[in-house]
Number of protein chains: 2
Amino acid sequence: MSRLCNNDQIMTQLDLHRLDDSLIALRRILRATELYSRDLAQSAGLTPAQLRVLQIAKTKDGSVTPKELATQMGVSQATVTALVDKIVSRGLAVRVRSETDRRQTNVTLTQTGTDAVAQAPDALQQRYVKAFMKLQDWEQAQLLASLERVAAMLNADDIDAAPVLTTGELKGTPESAAE
Amino acid sequence: MSRLCNNDQIMTQLDLHRLDDSLIALRRILRATELYSRDLAQSAGLTPAQLRVLQIAKTKDGSVTPKELATQMGVSQATVTALVDKIVSRGLAVRVRSETDRRQTNVTLTQTGTDAVAQAPDALQQRYVKAFMKLQDWEQAQLLASLERVAAMLNADDIDAAPVLTTGELKGTPESAAE
DNA sequence: GTAGTTGCTTCGATGGTCAAACTAATCAAA
DNA sequence: TTTGATTAGTTTGACCATCGAAGCAACTAC
């Protein structure tokens with residue numbers, strides 16, 4: 001509390017160390033999720049990108065447009081087309097022309113696809129959920145506040161984060177809604 | 001299965017909501033870094049994977065073995081070979097046979113490569129560093145504690161997290177790194 | 001030395017990704 | 001209504017990343 005830096009801030013060694021540690025922690029979080037996403041997809045017989053398509057579709061009640069997918073995944077529509085092609089060819093989803101706007105196509109999960117995404121065991125998330133639940137009430141609140149602060153610091157506010165990471169099952173009621 | 005829990009802790013609706021929010025915040029953080037890493041690499045005229053090689057090499061004093069790279073990046077050695085091939089062909093690094101163990105090869109950054117990674121403008125990290133520095137002392141401490149807790153919750157402790165994101169010689173302006 | 005191990009590369013195959021060009025449907029304005 | 005602009009989606013062609021398996025070279029142990 002010795003220094004409230006705002007503009008011309010004097011960075012002490014302690015400051016740098018703490019900043020550094022926080023970045024390393026962030027890096028670990030990123031790395032853990034990255035590595036797990038591969039195992040996760042692989043154990044489901046899918047690639048990470050393909051699994052993500054299914055996960056996003058699931059959060060949209062099992063039906064999305066390629067446009068939405070492209071936006072949420074941060075890739076081009078051309079890429080989405082390729083991904084959907086493979087998913088469709090494996091019988092995990094079907095393309096259905098929209099009635100209201102015939103330019104649009106709905107990518108709709110089949111029963112097989114729904115099962116596939118439902119059975120993907122997300123060890124990472126399960127571990128997180130378990131650990132989160134063990135925390136004291138005030139600890140949970142603080143953790144949430146910190147995470148949201150970091151998200152804000154990274155300018156991630158405007159990102160339309162689909163609760164893709166929130167693979168139901170572990171929570172009972174459909175709440176969230178996000179935004 | 002909505003109420004699975006370790007102890008006899010009863011999960012209220014509030015608990016679930018908070019868990020969900022924390023997951024969404026996490027997802028946003030991941031997504032922000034993912035999106036920015038592409039811009040970052042592209043602005044440096046590199047692919048994300050190639051930039052990562054350079055970044056890791058930098059943290060190792062400009063010289064790493066393919067083995068180390070494979071471990072740190074979580075990919076196979078075959079992949080590393082392909083990446084290093086491209087980096088070498090662009091003059092960003094050179095392969096140097098190790099003297100002590102002639103099986104090993106050191107991937108050593110050239111001046112060009114060192115410059116390239118140094119000049120990679122990391123908008124994301126810069127923003128984070130800036131925001132972090134504006135926080136009060138206790139806020140920084142709390143944020144760090146929370147991040148490290150999350151990393152631990154994801155069991156990311158055992159991961160040899162390369163301080164790629166580190167700010168080591170950072171004195172006034174943040175530079176490099178991120179993914 | 002011989003056998004096993006380790007570090008690295010090569011090869012072949014699969015996937016993800018994009019920009020640009022293209023089709024089809026909708027919308028807006030004259 | 002016709003025309004022009006916009007939007008959704010696909011196709012094409014070209015890279016890049018990634019892996020497993022096979023192969024090679026060097027080290028290690030006995």
Report task. Tell me which of A:Arg102 and B:Val84 sits closer to the 5' end of DNA chain C, going by the nucleotide each one is nearest to. Result -> B:Val84
Report summary line: Closest to the side chain of A:Arg103, out of C:dA25, D:dG9, D:dC27, is C:dA25
Query raised in the report: Considering only C:dT26, D:dA26, D:dG9, which nucleotide approaches the side chain of A:Asp101 most closely?
Result: C:dT26
Is the backbone of [Y] close enough, under 3.5 Å, to the side chain of [X] for a donor and an acceptor to pair up by distance?
X	Y	value
A:Thr110	A:Gly91	yes
A:Thr105	A:Arg97	no
A:Glu139	A:Gln136	yes
A:Arg28	B:Ala151	no
B:Gln77	B:Pro66	no

[atom1] of [X] versus [atom2] of [N]: gap in Å, rounded?
X	N	atom1	atom2	answer
A:Glu99	C:dA25	CD	P	12 Å
B:Asn106	C:dG7	CG	P	13 Å
B:Gln104	C:dT9	CD	C1'	15 Å
A:Lys67	C:dA25	NZ	C1'	15 Å
A:Asp85	C:dG16	CG	C1'	13 Å
A:Leu51	C:dG16	CG	P	11 Å

Requested in this report: From the options B:Lys67, B:Arg52, B:Lys60, select the one residue that forms a side chain to side chain contact (heavy atoms under 4.5 Å, CB included) with B:Gln72.
Outcome: B:Lys60
Requested in this report: Give the B/S/- string for nucleotides 16-23 of chain D, one per nucleotide from 5' to 3', where a protein heavy atom under 4.0 Å of the base yields B, of only the sugar-phosphate yields S, and otherwise -.
Outcome: SSBBB---
Query raised in the report: side chain to side chain donor-acceptor pair (under 3.5 Å) between A:Arg31 and A:Tyr36: does it pass, once the steps are laid out?
Result: CA-CA 8 Å; A:Arg31 196 170 148 67; A:Tyr36 269 104; over 6 Å; no
Query raised in the report: Contact class for A:Ser98 vs. all strands (heavy atom < 4.0 Å): base, sugar-phosphate, or nothing?
Result: nothing
Query raised in the report: Should A:Arg95 be listed as having a side-chain N or O under 4.0 Å from OP1 or OP2 of D:dT10?
Result: yes
